[in-house]
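The structure appears below as structure tokens.
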Amino acid sequence: MSCFIYMLIKWYLTYMENHPIVTLIQKIELQYPRELQKYFTIVTKKRTEKLYKLIVTAKNAEQLDKRLLFKKIFTKTYSDKNDYLWRNEIRILKEELENFLIRKEHAFISKNNAAYNDWLLMQAFDKLKFIDGLDEKYDILLKEKDSYASYSFVLDACMLQLSNLTHKIPDITKRSKAYQEPIDATKQVLKDLVSASVARLNVYTSYYNWISYHHQYKERAPLILNEYHFALEKNPIANFYNHLAGSVTDSDEKSHQTQIENLDAALQDIEPLYQKNKLLLENRVIVLMAKGREQSANGYFQEADAVLKSIKTDIDNLYPQHRTVFYVNYITNLVKYKKYKEALYVLDHDFSTDNLLYKNMLLQSRLLCYLYLRDTNNLANYISYDLDSAPFPQNYMLKVIKSAYFYLIKEFDTALSIISSLLQAKYTTDNMLYYKPISVIYKKLYTAAQKNSTHKKIVSSEIKPLQDIVDEFEKNAPNEIKLVSVYLWVKHEIEYYLQ
């Protein structure tokens, strides 16, 4: 290894910028800044708190230099000999952050799911061998097993009840007769738990099948249903997951109506459950997100807007982990619903992301808004973005929009050049079979516009063939392609000339 490479590696390792502890701190600081500050006042570990604050307030990579942080923490110069001090401090910081998160999760689950609290009390009563308390909580958990859909807690409670029969009934003869009822109850809860787990697994299997089908893979995973020797139980949470799985289509055979019916059934399943177990409210939000996305994908933009708006507050306040997917779908639907100014407001004030895939999708929505508004000044500000970095079909969409920008400013040669390159490009996906006809429509529109550039509008004799191509495309293209935004724009543009 050359001296230069060795020094480069040594320099890189002194910086903490990409260290997992820094990433964890950044994510915690976004979510729980005040709560963590209170936690540090309780644990009274000043040095650990100081290290946390130094990392949080660092403005650049240099301020995350390990040697600089070490000097501020230990008031001495870092060396290989005292590196153990640094490693130990990082370990303590990691442990405290994890302890904080455990407390947060415990408090959250305890507040939102009474079954969790009853389960915890059963653990405590078991240690105390407080039989009356065990009986009370066992009866509650068993009676409410379907209401809270927390079968794992109930199953554990059943096992504790069985194990404590020794203390509860000293007489072996009487005890042998007492086993049957709790064993039967335990077996039933086990069936409920397995059914709920299999149903949940079916959701992921359906998602996999959807990806497999729409990306033209030949092999598809079968549903895992017949590997159990007993019939699966129908309980509320299993019904919910099975309806959710049924809403994900892995073919063109399931109609939009069937998908919506499954989503509505899933909503009915989850409604009584989240009233008692607040942890399940997230499932309701997920279903409504899916329903809004499905409605938007099938042209019901107004209905989708109402559904997505109904959960926007919950997404913002309770479920930040879903914000990216929610806002991408919400903004996309606003564009399709022709709420361009509202979509731009959301993009400018409510949401942004560094995720490259979603960043390109949001860029596409922004450009479409400017395109529909014929705002060429703002289009020009974004059109130089590196469009090739986006994956298909985002790169295709962005380039189509770029060509439309040059069409709007009447630079028809450039517009035609971009769209022609898209028609000549070789894409690995079979979906290009559907996207290429859209490019053909754009090319014919640009050609007609260039030919009629001296006129105020394209003459009707030139527009009729364009309308015929659109009509032909409408007959042959799948619904989801006919609702692609770049197609809707060119269709709208041709209709504009027909007025």
Side-chain angles (χ1 to χ4, degrees), residues 1-112 116 120 123-124 127 315-324 327 349-359 389:
M1 184 184 293
S2 71
C3 181
F4 172 74
I5 294 175
Y6 175 80
M7 292 300 294
L8 186 63
I9 293 173
K10 184 82 171 174
W11 174 85
Y12 176 76
L13 291 174
T14 63
Y15 285 91
M16 296 283 290
E17 188 178 9
N18 297 314
H19 194 287
I21 198 72
V22 175
T23 305
L24 177 59
I25 286 170
Q26 289 169 342
K27 291 184 178 295
I28 289 176
E29 188 64 17
L30 282 173
Q31 192 98 4
Y32 311 115
R34 294 180 182 175
E35 293 95 325
L36 188 63
Q37 192 58 52
K38 290 179 182 177
Y39 175 77
F40 274 129
T41 61
I42 295 170
V43 298
T44 61
K45 292 188 176 178
K46 297 298 182 184
R47 183 184 291 159
T48 306
E49 182 181 1
K50 183 177 181 181
L51 178 56
Y52 178 87
K53 287 182 176 178
L54 286 170
I55 293 173
V56 164
T57 57
K59 292 182 174 60
N60 49 51
E62 287 73 17
Q63 292 182 0
L64 287 172
D65 187 332
K66 181 166 74 172
R67 295 163 300 187
L68 177 63
L69 293 171
F70 187 92
K71 181 79 171 178
K72 291 182 177 180
I73 292 294
F74 296 104
T75 64
K76 63 174 78 172
T77 303
Y78 170 82
S79 68
D80 290 340
K81 285 187 177 181
N82 58 25
D83 184 67
Y84 72 93
L85 292 172
W86 173 256
R87 293 197 309 273
N88 187 56
E89 199 57 44
I90 290 293
R91 177 187 60 79
I92 293 171
L93 177 57
K94 180 175 179 288
E95 287 176 355
E96 291 304 330
L97 293 175
E98 288 176 349
N99 286 336
F100 166 75
L101 290 173
I102 289 169
R103 291 191 184 194
K104 286 293 299 179
E105 287 307 303
H106 165 71
F108 178 73
I109 297 172
S110 178
K111 179 183 177 182
N112 291 289
Y116 173 72
L120 280 177
Q123 312 302 312
K127 291 181 177 66
I315 291 289
D316 286 335
N317 297 332
L318 300 177
Y319 307 113
Q321 68 272 31
H322 297 306
R323 289 188 89 239
T324 299
Y327 272 101
H349 298 92
D350 291 351
F351 183 74
S352 63
T353 179
D354 292 327
N355 181 293
L356 185 58
L357 172 63
Y358 294 119
K359 191 174 183 178
S389 65

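Taking a 6.0 Å sphere around NZ of K104, one finds it holds more than 12 heavy atoms contributed by other residues, nucleotides or ligands. The number of heavy-atom neighbours closer than 6.0 Å to CG of N317, taken from other residues, nucleotides and ligands shown, is above 12. Atom CZ of F351 is surrounded by more than 12 heavy atoms from other residues, nucleotides or ligands within 6.0 Å.
The two residues E62 and L68 have their closest heavy-atom pair at O-CD2, 3.8 Å. The two atoms that bring Q31 and E35 nearest to each other are O-OE1, 4.5 Å, heavy atoms only. Of all heavy-atom pairs spanning Q63 and L69, the tightest one is O-CD2, 3.7 Å. Closest of all the heavy-atom pairs between I90 and H19 is CG2-CE1, 4.3 Å.
At a threshold of 4.5 Å between non-hydrogen side-chain atoms, the residues L120 and H106 count as touching. I92 is not listed as a side-chain neighbour of L51, based on a closest heavy-atom distance of 4.5 Å or more. Two residues are said to be in side-chain contact when any heavy atoms from C-beta on lie closer than 4.5 Å; L24 and L101 meet this criterion. Annotation: side chain of Y39 is not in contact with side chain of Y32 (no heavy-atom distance under 4.5 Å). K53 has its side chain within reach of Q37: a pair of non-hydrogen atoms, C-beta onward, lies under 4.5 Å apart. With a 4.5 Å cut-off on side-chain heavy atoms, N99 and V43 do not count as touching.
In this structure, K76 NZ and I73 CD1 are separated by 12.5 Å, a value rounded to the nearest 0.5 Å. Remark: T353 OG1 to Y358 OH distance equals 9.0 Å, nearest 0.5 Å. Remark: F100 CZ to E105 CD distance equals 10.0 Å, nearest 0.5 Å. Distance check, rounded to the nearest 0.5 Å: CD of E96 to CD of E98 gives 10.0 Å. Note that CG of L30 is 12.0 Å distant from CD1 of I25, once rounded to the nearest 0.5 Å.
Residue L85 forms a side-chain contact (heavy atoms from CB on, under 4.5 Å) with just one option from D83, N82, N88, and that option is N82.
Salt bridge annotation for R91-E95: present, with a cationic side-chain nitrogen under 4.0 angstrom from a carboxylate oxygen.
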* Could you give me the CA-CA distance, side-chain angles and deciding distance for I28 and Y52, then say whether side chain to side chain contact (heavy atoms under 4.5 Å, CB included) is met? => CA-CA 11 Å; I28 289 176; Y52 178 87; 4.1 Å; yes
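In terms of the side-chain contact (heavy atoms from CB on, under 4.5 Å) criterion, residue partners of D316 (sequence neighbours excluded) are, by chain and number, K312, R323, Y327.
With hydrogens and angles ignored, the 3.5 Å screen pairs a side-chain donor or acceptor of K50 with a backbone N or O of K72.
Ring geometry for F70 against Y78 counts as perpendicular: the plane angle is over 60°, on a 0 to 90° scale with 30° as the lower cut.
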